[in-house]
Undergrad: 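Here it is, the structure in full.
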Amino acid sequence: MFIDSFIGYLKAERNYSAHTLRAYAGDLRSFEAFMARMDESIDFFNADADVVRAWVAALMDEGAAPSSVCRKLSALRSFYSFHRTADASLSNPAAPMQGPKRRKKLPVFLKESEMNELIDEVQFGEGYTACRDRMALIFFYETGVRLSELVGLNVDDIDLGASVVKVVGKRNKERVIPFAKELKTELERYLGVREQFAGCSSGALFLSSRGGRISNSQVYRMVGGRLSTVTSVKKKSPHVLRHTFATAMLNNEAEIGAVKELLGHERLATTEIYTHLTFEELRRFYDKAHPRAGNN
């Protein structure tokens, strides 16, 4: 009855989806069944924080994912908050409970050999569009810019003399990214082809086949198609190239603070995911190669 009234409220007043309603109902019945197994005298309205803590521990022992456990705790907290509106004396034993930390997914990235194959060996064809596609891929890999940042670039943002590009990132925050001689050479070649195609040297850096600024979706589709020629990773997107840039920099001994600035991250913790990633790579190499690692 108590579960049904709560689910009814979520459906009528909060407009929760049918999927979420089923999940929350299942979570609450799971807790109810756990209390019955623990002690038949325990119910929703006399359970304390120790009971909730024991439930969470049991879920983890059964192999529940941290994200699943956090959702179940959220359902239980909401359940008690709802019933406290009718009975203010009712405690919320789930309120002080901290859910288990969710495991961060490691970013997907391409190997340096795959990027070298894409840039140096894949045939892109002739004409402006082919030249543009290759230039965009190189630009992603050598600067680590976001999709929206690349699409928003103008020719005037490129300073070939100083070998830097001005990028407008999240919340209109500008940053300046230096680039190497190879990218400068590629940009000089590309700008020549672009000028012949567009008839001018200003405006958007990357143009569509009709001469306007290229769109996010066009770049996204192009990157997916081009990456498919050199890699089998499931995710093939511009952000994968951003991850590839960061990973390559750290693998080649770049300072993490410098990588943070190049990527335009506000917090160092955001960049540190790549140090975890490179450590995972190191672990795989170790497990495969060391005679005492247990895999030989």
Side-chain angles (χ1 to χ4, degrees), residues 110 112 114-170 172-231 236-246 248-249 252 254 258-259 261-264:
L110 272 66
E112 291 183 40
E114 291 173 329
M115 288 305 304
N116 290 337
E117 180 184 355
L118 179 64
I119 294 169
D120 300 330
E121 300 178 25
V122 170
Q123 298 298 313
F124 283 77
E126 301 295 330
Y128 170 71
T129 301
C131 182
R132 177 205 66 196
D133 290 356
R134 183 172 180 273
M135 184 70 256
L137 290 164
I138 294 172
F139 204 92
F140 274 128
Y141 181 46
E142 296 206 22
T143 64
V145 294
R146 300 177 178 91
L147 170 60
S148 60
E149 293 170 347
L150 179 131
V151 168
L153 285 173
N154 294 318
V155 173
D156 293 342
D157 294 327
I158 305 292
D159 185 339
L160 291 174
S163 294
V164 297
V165 55
K166 181 179 68 176
V167 174
V168 179
K170 291 183 176 180
N172 291 320
K173 185 177 180 180
E174 288 189 0
R175 68 184 188 280
V176 176
I177 303 174
F179 52 79
K181 184 178 180 181
E182 180 181 354
L183 181 55
K184 178 181 178 179
T185 301
E186 294 286 354
L187 278 167
E188 289 173 338
R189 173 177 173 273
Y190 167 73
L191 288 171
V193 174
R194 180 196 173 284
E195 187 171 355
Q196 288 182 350
F197 169 76
C200 64
S201 59
S202 62
L205 180 62
F206 293 102
L207 305 172
S208 71
S209 59
R210 295 184 178 181
R213 187 181 299 273
I214 197 170
S215 68
N216 285 22
S217 59
Q218 286 174 315
V219 177
Y220 199 99
R221 287 194 300 271
M222 179 276 290
V223 170
R226 295 296 186 179
L227 294 191
S228 294
T229 65
V230 297
T231 185
K236 303 177 183 72
S237 69
H239 219 67
V240 168
L241 293 174
R242 181 169 161 87
H243 296 327
T244 302
F245 163 82
M249 291 289 289
N252 287 281
V259 176
E261 295 302 317
L262 290 170
L263 291 172

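For reference, positions follow the sequence shown, starting with 1. The analysis underlying the following values was restricted to heavy atoms, covering all of them including side chains, and did not include hydrogens, waters or symmetry mates.
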Undergrad: Any side-chain heavy-atom pair from V145 and F245 closer than 4.5 angstrom?
TA: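 Contact flag for V145/F245 side chains = no.
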
Undergrad: For R146 versus G264, what's the shortest heavy-atom pair and its separation?
TA: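 The pair with the smallest heavy-atom distance is NH2-O, 3.7 Å.
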
Undergrad: Are the side chains of L160 and L191 in touch, meaning some heavy atoms are under 4.5 Å apart?
TA: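 The answer is yes, as the side chains (C-beta and beyond) meet within the 4.5 Å cut-off.
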
Undergrad: Donor-acceptor pair, distance only, cut-off 3.5 Å: does the side chain of R242 make one with the backbone of L263?
TA: yes

Undergrad: Measure across P178 and V164 and return the closest heavy-atom pair with its distance rounded to 0.1 Å.
TA: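 Looking at all heavy atoms of both residues, the closest pair is CA-CG1, 4.0 Å.
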
Undergrad: Decide yes or no for M135 and I138: does some side-chain heavy atom of the first lie under 4.5 Å from some side-chain heavy atom of the second?
TA: yes

Undergrad: What is the minimum heavy-atom distance between R132 and S209, and which atoms define it?
TA: NH1-N, 4.0 Å

Undergrad: Among residues at least two apart in sequence or on other chains, which ones pass salt bridge (charged side-chain N to carboxylate O under 4.0 Å, His left out) with R221?
TA: none

Undergrad: If you define the side chain from C-beta out and look only at heavy atoms, does anything of F206 sit under 4.5 Å from V219?
TA: no

Undergrad: Check the surroundings of atom CD in E121: do more than 12 heavy atoms from other residues, nucleotides or ligands lie under 6.0 Å from it?
TA: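 Yes, enclosed.
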
Undergrad: Please confirm whether the backbone N or O of R226 pairs with a side-chain atom of T229, one donor and one acceptor, at under 3.5 Å?
TA: yes

Undergrad: What residue pairs, at least two apart or across chains, pass ring pair (Phe, Tyr, Trp, His ring centres under 6.0 Å) with a residue in residues 135-160?
TA: none

Undergrad: Side chains of S215 and Q218: any donor to acceptor distance under 3.5 Å?
TA: yes

Undergrad: Where is the tightest heavy-atom contact between A254 and V259, given as atom of each residue plus distance?
TA: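 Residues A254 and V259, closest heavy atoms: CB-CG2, 3.9 Å.
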
Undergrad: I'd like to know if the side chain of R213 and the backbone of G203 have a donor-acceptor N/O pair within less than 3.5 Å.
TA: no

Undergrad: Has D159 got a side-chain atom pairing as donor or acceptor with G161's backbone, closer than 3.5 angstrom?
TA: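 Yes; judged by distance alone, with no hydrogens or angles, the pair exists.
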
Undergrad: If you take all heavy atoms of A130 and F124, which pair is closest and at what distance?
TA: CB-O, 3.2 Å

Undergrad: About how many Å separate CG of L147 and OG of S237, when rounded to the nearest 0.5 Å?
TA: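 That separation rounds to 8.5 Å.
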
Undergrad: Are any of the side-chain heavy atoms of L137 and L241 separated by less than 4.5 Å?
TA: yes

Undergrad: Among residues at least two apart in sequence or on other chains, which ones pass side-chain hydrogen bond (donor to acceptor under 3.5 Å, both in side chains) with E142?
TA: none

Undergrad: Do L205 and D157 touch side chain to side chain, with heavy atoms closer than 4.5 Å?
TA: no

Undergrad: Indicate yes or no for a side-chain donor-acceptor contact from T244 to the backbone of L110 under 3.5 Å, with no hydrogens or angles considered.
TA: yes

Undergrad: Take atom CD of E182 as the centre, draw a 6.0 Å sphere, and report whether it contains more than 12 heavy atoms from other residues, nucleotides or ligands.
TA: no

Undergrad: With distance as the sole test, does T185 use its side chain to make a donor-acceptor pair with the main-chain N or O of K181 at under 3.5 Å?
TA: yes

Undergrad: Using the test side-chain hydrogen bond (donor to acceptor under 3.5 Å, both in side chains), find all partners of R175 that sit at least two apart in sequence or belong to another chain.
TA: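 Per chain and number, R175 pairs via side-chain hydrogen bond (donor to acceptor under 3.5 Å, both in side chains) with E149.
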
Undergrad: Quick one: pull up CG in L262 and OG1 in T143 and give me the separation to the nearest 0.5 Å.
TA: 9.0 Å

Undergrad: Rounded to the nearest 0.5 Å, what separation is found between the CG atom of D133 and the CE atom of M222?
TA: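 Here the interatomic distance stands at 4.5 Å.
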
Undergrad: Quick one: are R189 and C131 in side-chain contact, heavy atoms under 4.5 Å?
TA: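 Side chain of R189 against side chain of C131, heavy atoms only: contact under 4.5 Å found.
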
Undergrad: Nearest 0.5 Å, please: how far is CD1 in I177 from OG in S163?
TA: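 Answer for the OG-CD1 pair, S163 versus I177, is 13.5 Å.
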
Undergrad: Between N116 and E112, is there a donor-acceptor pair closer than 3.5 Å when you use the side chain of the first and the backbone of the second?
TA: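 Judged by distance alone, yes, a pair lies under 3.5 Å.
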
Undergrad: Which atoms form the tightest heavy-atom contact between V122 and L118, and what is the distance?
TA: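 So the two residues come closest at CB-O, 3.5 Å.
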
Undergrad: Can you sort out the partners of E186 under salt bridge (charged side-chain N to carboxylate O under 4.0 Å, His left out), two or more places apart, ordered by chain and number?
TA: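 E186: salt bridge (charged side-chain N to carboxylate O under 4.0 Å, His left out) contacts with R134.
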
Undergrad: Using 0.5 Å steps for rounding, measure from the CD1 atom of I158 to the CD atom of E188.
TA: 11.5 Å

Undergrad: Mind checking the NE2-OH spacing from H239 to Y220? Nearest 0.5 Å is all I need.
TA: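 Taking NE2 in H239 and OH in Y220, the distance rounds to 10.0 Å.
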
Undergrad: Considering only heavy atoms from C-beta outward, does the side chain of N216 approach that of P238 to under 4.5 Å?
TA: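 N216 does not reach P238 side chain to side chain.
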
Undergrad: Identify, with sequence neighbours excluded, every residue that meets ring-ring contact (aromatic ring centres under 6.0 Å, His included) alongside F197.
TA: Y128

